[in-house]
Amino acid sequence: MSDERQLFQDVVMPHLDEAMSLARWLTGNRSDAEDVVQDACLRAYGAIQSARGANPRAWLLAIVRNTAFTWMGKNRPKGVIVTDDDNLIEQASLEMVDASASTPETALISMVESEDLHRAIAGLPAAYREVLVLREIEELSYQEIAKTLAIPIGTVMSRLARARSQLVQRVGQTERERRVRP
Amino acid sequence: MNTPRSWSSREEAVLLLNAYFDNELDAASALEVERRLASDASLKAEYDRMSALRTALRAAHGETRAPDDLRRRIAAIANAEAAGTTAVVPMRTKPASRYAWRQMAAAASLAAVVTSIGMLGAGLGPWNDTQLAEIVAGHQRALLAREPFDVASSDRHTVKPWFDSKLALSPKIVDLGEAGFPLVGGRVDVVGGKAVPVSVYKRREHLISLMAIPHASASDDGSGAKPSTRDGYAVRSWRGRDFDYSAVSDVAEHELDEFVARWRAGAKAN
């Protein structure tokens, strides 16, 4: 087996499940995610030498994320929100400040089914989804997220807080509806 | 590490809570958040929701699996790229998942062999052993790809111009849908170092790849199609007008014969 093929085996193959999950979060569905992962792995193979010395998981996930953004830009131009369109985002999300009665109980969130959660993630504005994914899947620090997305740390913080708040609201909504159903 | 400026608003409290939750605060600020959590029930509830959300997110993340056929396609990337003979442009619809792993492995290793001997066979005329291997490898590689075609269409009036625009070649495409061999699309393979148009037909769940390799002779000489098999695939090759055609498939041989007979009759008729 050639050097490249061995490296591909070692670096890429063990992390495919996570790559798939990341792509699914970013694209919002499985079949698009498969396209993205396949594209990403082709890219990864082409750039496999640069994986040397890197953390394989982080290296692959970064490629998957970049591929997903490119892919979404190409395949659904309207779905990609320009990330510095902050006015729109700020306006849309100040509801998180409101600790109103509609805030779901913790127990409700714990009960969410992963299909519903995935739907909720897919429903987030792209700018929120990005930071959430970078934080919760890629486990980057605020500093690293800020660098990756070329946004200030303060923006990372506010987007992340809003992403979580919106998810909690959506999940609570779904679960309440589920209970009401006969 | 970030230091909080103040606790001036509810929003700021939530931002800091998030930063605390993500381990992004310095020790003093973290202590302050902890004190606040102990005395503010609504903040504590917010924290608990965030924890529950993270647990749910991690569980969902851990649940997603790369499907087996995707895994196989990706495992094949390294092998196919190493061989480097065919440009596969993946198109989407449903994945071709019904092929056995052994076939895939065979295709991958065969592809490697093809590159190493490909040069030797050039210029020996149609249907020599090397070319046959390349033709079958093209078909096998297409089975590995997400889609066995680059352009998906059951309409020959779509596929034909596509070839024309891609390769400036216009092989015959015959509509055999009524005979149970619907056209599903077209792709480009590399045979003997040249890009050749391949039209893709279906027989039930089986694919038939029809490669058209240009040649100088003007017409179908009517002689019988030359049968061969390779790695379990049946191949039928014949000389047609302007092209040498080879049909490759894993359908039963008599069905492939039927395909070839109907195709040639159809090609003659139009």
Side-chain angles (χ1 to χ4, degrees), chain A residues 1-2 4-5 8-9 12-13 16-22 24-25 30-35 37-39 41-42 44-46 48 94 96-99 103-112 114 117-118 121 132 135-137 141-143 153-154 157-158 160-161 164-165 167-168 171-172, chain B residues 1-2 5 9-19 21-25 42-71 73-82 88 90-95 108 112 145-146:
Chain A
M1 192 177 279
S2 77
E4 268 105 21
R5 285 162 70 187
F8 188 78
Q9 271 298 334
V12 175
M13 298 311 289
L16 281 187
D17 288 335
E18 283 206 79
M20 179 69 193
S21 177
L22 172 62
R24 187 179 171 196
W25 284 33
R30 282 177 205 263
S31 70
D32 289 352
E34 284 194 37
D35 281 4
V37 170
Q38 186 166 334
D39 267 15
C41 289
L42 278 167
Y45 187 79
I48 196 74
L94 285 173
M96 88 160 226
V97 183
D98 175 23
T103 311
E105 308 144 36
T106 308
L108 215 52
I109 301 163
S110 305
M111 285 165 48
V112 68
S114 69
L117 188 54
H118 277 113
I121 295 166
L132 186 77
R135 176 66 211 140
E136 298 291 356
I137 295 192
S141 70
Y142 287 6
Q143 186 79 55
I153 284 208
M157 291 176 74
S158 61
L160 196 49
R164 286 176 174 146
S165 166
L167 267 190
V168 163
V171 165
Chain B
M1 291 292 148
N2 305 286
R5 289 177 302 269
S9 71
R10 174 80 194 171
E11 175 160 13
E12 206 159 88
V14 173
L15 288 181
L16 283 167
L17 186 65
N18 273 270
F21 182 66
D22 288 322
N23 242 336
E24 293 274 346
L25 293 181
S42 81
L43 205 64
K44 178 67 167 65
E46 189 76 44
Y47 183 84
D48 291 343
R49 280 191 291 272
M50 281 161 53
S51 297
L53 180 66
R54 173 167 285 169
T55 306
L57 287 172
R58 296 228 160 123
H61 176 55
E63 250 174 47
T64 302
R65 294 268 170 272
D68 286 347
D69 69 298
L70 176 70
R71 196 171 277 282
R73 286 200 303 276
I74 287 167
I77 287 174
N79 299 318
E81 291 280 315
V88 177
M91 300 283 290
R92 48 188 312 221
T93 45
K94 65 182 173 57
R146 186 177 179 94

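Every chain is numbered from 1 and lettered A, B, ... according to where its sequence line falls, protein lines coming before strand lines. All heavy atoms count here, side chains included; hydrogens, waters and symmetry mates do not.
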Item to check | Gap between atom NE2 of B/H61 and atom CD of A/E18 - 0.5 Å precision | outcome: 3.5 Å
Next on the checklist: Using heavy-atom distances under 4.5 Å, tell me whether B/A56 contacts chain A through its side chain, its backbone, both, or neither.
Outcome noted: both
Next on the checklist: With a 4.5 Å cut-off on side-chain heavy atoms, are A/I153 and B/E24 touching?
Outcome noted: no
Checklist entry - Minimum heavy-atom separation for A/F8 to B/I74, with atom names? => result CE2-O, 3.3 Å
Checklist entry - Does B/R73 offer a backbone N or O that forms a donor-acceptor pair with the side chain of A/Q38 under 3.5 Å? => result no
Item to check | For the student: nearest non-hydrogen atoms of A/D17 and B/A66, plus distance | outcome: OD1-N, 2.8 Å
Checklist entry - In terms of heavy-atom pairs under 4.5 Å, which option from A/M20, A/M13, A/E4 contacts chain B the most? => result A/M20
Checklist entry - Applying the side chain to side chain contact (heavy atoms under 4.5 Å, CB included) test to A/I109, which of B/M50, B/R49, B/R54 qualifies? => result B/R49
Item to check | Pairwise distance CZ(B/R65) to CZ(A/R24) - rounded to 0.5 angstrom | outcome: 11.5 Å
Checklist entry - What residue among B/L57, B/D22, B/N18 forms side chain to side chain contact (heavy atoms under 4.5 Å, CB included) with A/R135? => result B/D22
Next on the checklist: Just so I understand: if I count every heavy-atom pair under 4.5 Å between each of A/A44, A/A19, A/S21, A/G154 and chain B, which residue has the most?
Outcome noted: A/S21
Next on the checklist: If we check side chain to side chain contact (heavy atoms under 4.5 Å, CB included) with A/R164, which of these qualifies: B/L17, B/V14, B/L53?
Outcome noted: B/L53
